[in-house]
Peer 1: 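The structure is given below, and queries will be raised subsequently.
This one's a predicted model, so the numbers in the text were calculated from it and none came from an experiment. Protein chains get the first letters and strands the later ones, always in sequence-line order, with residue 1 at the start of each.
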Amino acid sequence: MSKRYRYVFMLLTSVILSAGVLVYAVRHSTGGGLLLPDDSNLDQCNSIDRPPKIHPDYCGTVIPPNIAPLNFLVEESGSQYCVRIRSKKSRTIQIVSRSPKITIPQSQWHELLNANRGEQVNVDVFVETANPPATAVQWNRFSAITNQIAKEDIDGFLVYRRIHPGHGTWRKMGIYQRDLHRFDESLILDNDYFKGGCLNCHAFCNHRTNKISIDIRSARYGTSALLVQDGAAEKVDTKLGFFSWHPSGRLIACSIFKPRLLIHTARNYVQDILELDSLLAYYIVDAKTLKTSPQISKKDRLETYPAWSADGRYLYFCSAPLTWPAGNIIPNNFDEIKYDLVRVSYDIDRDEWGSQESVLSAKDTGRSILLPRISPDGRWLLFCMSDYGAWVVHHPDSDLYMLDLEAAQQTGEYEYRRLKINSDKSEISHT
Amino acid sequence: MPHSRPKSSRRIAVSQSGKPETAERHPSRGLEGLLRDVLFFVFFYFYLWLCVDLRLIYGPTEAITNFPVFYKGWAFFRTFLSYPGGLIEYAAAFLSQLFYIGWAGALVVTIQAWLLSACVGCILRTINLSRFCWLRFLPPILLLVAYTQYTYHFSMVLASLVALLFVYLYLRTTLPPTPKHRRLVAFLVLSVILYTIAAGTYGLFAVVCVTYELLFGRRWLLGISYLLWAAAIPYVEGVAIFGVSIFNAFSHLSPFSWQIVSFEKRGSFIVLVYILYAFLPLTILATALLRKFQNPKIQNRITSLLLKRMKFTINSPALRWIIESLVLFAIASTVVILSYDSKKKTLFLTDYYASHRMWPLLLKVCKRHPNDYFVVHAANRALYHTGRLSYDMFSWPQHPNTLFLSTRDYRTSYWRKSFVYLDIGLLNIAENGLTESLEGMGERPEILKRLALIHMAKADYDSARIFLGALSKTMFHDDWANEYLERLKSDPDLSQDKQIQHLRSVCMKKDYDLTDLNIETMLLHLLEKNRENRMAFEYLMSWYLLTGRLEKFVQNLDRLDDFGLSAFPRLYEEAMLVYVYSSRRPVNLHGRQVSAESRQRFNGFNQLLNDYGKDSQAALPALAKRYWNTYFFYYVYERQGRRQ
C-alpha cells in the first residue's frame, strides 16, 4: 500500500472509531451517571398523586390501532424525562429524553397498538427533578395516563386544504392528504399547477378516491370545477360551491352562493362571512348539465350545505329566510340569521324532487344548524350549530352535534345530542 | 477548436495559444487586474452598505412580495428537498436574512457579485475569449442597478451564479482533446445535479453548453443531443420524479417563471436578470458568428489601424490601467446615477422608519417627497408620536385620506395601514390587515410579531403562542419571542406588560362591521371606550380640521381636559380663530387662552388677504410664503373640494 493510501486508511479508521465511540457515549449517557427508572428502582421514585400535564391532553381517549404515534409535550419542569407506554401484550415502549418533547418510535407504537386491540394502554411519565443534589437522583413518577385502544381501524387518510387565515389575498395553497398511520403528507393539487389560482371545495364520492370534485378559481383559466373520475380529469365550466356527490356517482348537488366578507371591530374573531344569497343546484355528470328545482331554490330562502343520505333518497341541506333585498349590503340583523336543517326526497331515475321536510328548526334549537354530514351506514347525522350565520369556521361558539336517523325513523322525532369533544374553540364538520 | 493568434507587438498583450492551460499570463497584468477588481468591489460594497442600505429591502415592505422567509431547524430545511431548486432557495433564504444587518447584507451581495464576475471571466478565458473579459463587470453593474432600484432578485441571481459555475466546471472537465462520449457524460452528470439544485435556471447552463459545442467546438451532433437532453431532463426529473407542475419544471427559479412575470412587483426591473442570463450565450454566439463571417484581411487591416491610432495612448501599462479603470468606474457611476430614484428611496426609507418607529429620522425623510399620501400618512403618525401632530401637521400637504390611507389606491395596502390601526386601538382591523399581509408578503417576522402582540392583547394566548413559536425559529427575532413565551409562563395574563396593557386599554370593545363605520364614527367609538386614548383624540380633531368641520372640532375641545393640557396647541388655536371668524359664534375656551402669537398670525393672514382685495388666487404666492404651514392656509386653499 502506498504511503498516501496508508494515511487515508488511518484517517478513515480513526474517524469511524471516533464516531462509534461518540454514538455509544450519546446512547448510553445517563446525564451525570443517573439511573433511569425501571422495575428494580421504582420504589425509589417519588410518587406524585396526579397525572402529568401533557399537551395535547391524550387522557381518557380511544386510540385507533392504526394511527400515527401520539407524540406529546410533558408540561412539567424537569431536567430529564422518561415515558413508558405499556399494555397487556407486547413489550413496553420506553422513551428517555432531555427535552419535554416525547417522540414515540413508530414501529414499536404500531406493534403495541396492533397487539392490544380493545385493551387499555397506560402511559407512565417520570420526570427527573430540575436541580438534583450532586450525588442524589430524584425521579418523580406521576399517576398513569390511561387510554383505550379501539378494535377497529380508522380511515387511513385525511384530505384538507392548507392556507393562511386570510380572505382577500393568497399566495400558495393546496389540497394535501395526510397518511394517518404516520406523518407523511403528500400533495394532491396546489395552485402552482394553474399559476397561482385558488382552490378549496373538494368532495369524494362515497368516501372513495375514484370520483373527486375540486373547485378552482383562476384569473387565467376561469372559475370551474375539476371532476376526476377513474383517473381522468375533466373541467366543468361552472363553480359548484359546496357540493355533495350522490352515492350513485351520477350527480352532484351543489350550492351557488354570494358570500360577503365582514370584518368585526371587536369580536375575538375578526373575519366573518355571510351569504347574501344562495340556492342549491345539481350537476348531472353524464349529461354535463346543471339544473335546479323550486324545492331546493326558493326565492325567499337561503339554501346551502347539501348532503346526500347514504341511500341517495334524500338531500339534506340548510335553509334560512332571506329577509333583505338583493344587493351587496350586509343586513343590520346579520347576527340573527339562523339556518334550519331540512331535507327533500329525490328520485334519481325520474329526476323528481319531493317536498321539503323539516328535520331540525332553528326556532326550536335557538341556534343556526349547519354542515350536515351523514355516516356511510346512513344512521348518524353529524352537524354543527352556531349562534348565527352559515360560515362559522371562526365562530368559537360553533359546536358539533349528532342525530340518530334510525331512531328518528322509529320515533318520528329528531333527537340530537351535543358531543363531548367540543371545546371553547370552533368545531365544525367540514365541507 | 479555438484559433491561435500571431504574436503581436509587445505594446499590446494579446491572448496567444488556443489551449487555456498554456495561455500566457502577464505577471503584472494579473496583479493589476486583481487590484482593479478589489477597488471596484470595495466601491460596490460601500455603495450597497451606505447608500442603498439593504435593510430597506429586508423591510418588510409591500413593494417586495417575494422576499424569502427563513426558519431555523431541520423541518424547514426538509421542505426544500421536495422539489428541484429547493437547495438554492434555501441558501438564498438564509443569505437574504443577512440583509437585516446592513453591512452583512452588502457583504453577501458583494461576494455574490464578485463570484459572478470571476466566473464569467474564467469562462471567457477558458473558451479563449479573453479579450472580452471586461464583460465580467457587467453582472455586478446590473446588480448595482437592481439594488439602486430596490428590487429583489437575489434567488434568481444566485441560481444563475451556480449555473455559470457549472458551465465553468463543464468547460474545465472537457478541455480538448476530450472525446465526445466523455463530454456527453460530463454534460449529463452536471445537468442532473444542476437541475436538482437550480431547477429552471438549468436552461442557462444548457444554452451556453449547446452554443459552445455547436459554434466553437463544431460538434453538431453533440450540440443537438445536448439540446434534446436540455428539454428532457427537466421533464423527467421535474415532472416525473419530483412531481412538480410542468410550468415549474421548466421555469422555476428562472426569470421566466410565472411566479415572477405574473406579479408586477416581482417583475420589477426583471429585464436586468434577462440581460444577466442572456449576455454570456449572446457573447459566445456573436463572437462565433463574427469569426465565421468576417474577412480575415479586412479584420487585420482594421486591427492594425486601430493599433496605430492607439499607440500613443496605451504606451504605458500603468496609464492604460488607469484609463481602463476610470472608464469602468465612470460607467458604473453613470449607471448608478441614472438608475437612482430618489422618490423610491424615500418611500423605502419611510416604510422602514415607520415600521421601526424611528420618528425623528422618519420626519426628516418625509420632508423629501411630501406629496405622496403614504409619506404624509407616515409623517402624521410620527408627528403624533413626537407630540407634534397638532402643531406641525400642516408642514406637509395634507388631505383627509392621509390619516388612514383611505383611498382606493391603498385599498390593499394592508401592511402600511396596519401600523396606525394597531397604534390607535383598532386591533381587529390591524389583525385583518396583517393576516392578509401574511399571504401577500409571506411570514415575515415583523408581521408575525405584530400578530403575536394583537393576540396577546386579546388574551388569545393559544394563537399568540403559534406566532411566537414561529418567531422563535427566526434568526433575529427569536429572543423577543422566547422572552414572551417565558413571560406567558410567569405572568399568564401579561398584567405587567406595559405594551399589552396599553393595547388592551385602547382597543375597541363595541362590535361593528367595519363597512358600517366611517372614520369619525370609528374614532368616536374608540374614545367612548377610553377617553384617554390620546391618539384617537388627536386623529379625530385632525379629521375635523382636514374636512373643515369646525363645528364638530369646537364641540370636542373639552376633551383636552382628559389629557391635562393647559394650553391649546397652535393648530387648534388657528382653527378656533377660523371658526369664530367664519361662523360669528363664540367658542368655549374651557379656562384656556388663545395665544397672542396665533391672533397675530391670524390678523396678519387676513390683512395680507385683504391687501389683495380678498382675491385668494392673487394672494396665494404671498400667503404661501409666510403662512404655508398654518391651518388658515389649508382652510382657504387646500381643504377637500377647494383645492386650487
Peer 1: Heavy-atom pairs under 4.5 Å with chain A are the metric here; pick the option from Cys507(B), Gly442(B), Ser262(B) that has the most.
Peer 2: Gly442(B)
Peer 1: Measure Leu438(B) against the heavy atoms of chain A and call it side chain, backbone, both or neither at under 4.5 Å.
Peer 2: both
Peer 1: Lys172(A) versus chain B, heavy atoms under 4.5 Å apart: side chain, backbone, both or neither?
Peer 2: backbone
Peer 1: Quick check on Thr65(B) against chain A: is it the side chain, the backbone, both or neither that has a heavy atom closer than 4.5 Å?
Peer 2: both
Peer 1: Give me the atom names and distance for the closest heavy-atom approach of Asp192(A) to Phe247(B).
Peer 2: O-CD1, 3.8 Å
Peer 1: Shorter than 4.5 Å, heavy atoms on both sides: which option in Glu431(B), Gln259(B), Glu436(B) has the most such pairs with chain A?
Peer 2: Glu436(B)
Peer 1: Starting at CG of Leu187(A), measure out to OG of Ser82(B) and round the result to the nearest 0.5 Å.
Peer 2: 9.0 Å
Peer 1: If you compare all heavy atoms of Arg171(A) against all heavy atoms of Met441(B), which two are closest, and at what distance to 0.1 Å?
Peer 2: NH2-C, 3.1 Å
Peer 1: Donor-acceptor check, side chain of Thr265(A) to backbone of Lys510(B), threshold 3.5 angstrom: yes or no?
Peer 2: yes
Peer 1: Minimum heavy-atom separation for Arg267(A) to Lys458(B), with atom names?
Peer 2: O-NZ, 3.9 Å
Peer 1: Could you tell me which portion of Tyr414(B) (side chain, backbone, both or neither) has an atom closer than 4.5 angstrom to a non-hydrogen atom of chain A?
Peer 2: side chain
Peer 1: Would you say Tyr235(B) has more than 12 foreign heavy atoms packed within less than 6.0 Å of its OH?
Peer 2: no
Peer 1: Output the distance between atom CG (Asp460(B)) and atom CG (Asn268(A)), rounded to the nearest 0.5 Å.
Peer 2: 5.5 Å
Peer 1: Pick from Leu427(B), Asn432(B), Leu434(B), Ile454(B): which one makes a side-chain contact (heavy atoms from CB on, under 4.5 Å) with Val270(A)?
Peer 2: Asn432(B)
Peer 1: Do any of residues 219-226 of chain A have a heavy atom less than 4.5 Å from a heavy atom of chain B, and if so, which, in residue order?
Peer 2: Arg220(A), Tyr221(A)
Peer 1: Could you tell me which of Lys425(A), Lys195(A), Gln271(A) has the largest number of non-hydrogen atom pairs under 4.5 Å with chain B?
Peer 2: Lys195(A)
Peer 1: Between the side chains of His264(A) and Asp511(B), is a donor N or O closer than 3.5 angstrom to an acceptor N or O?
Peer 2: yes
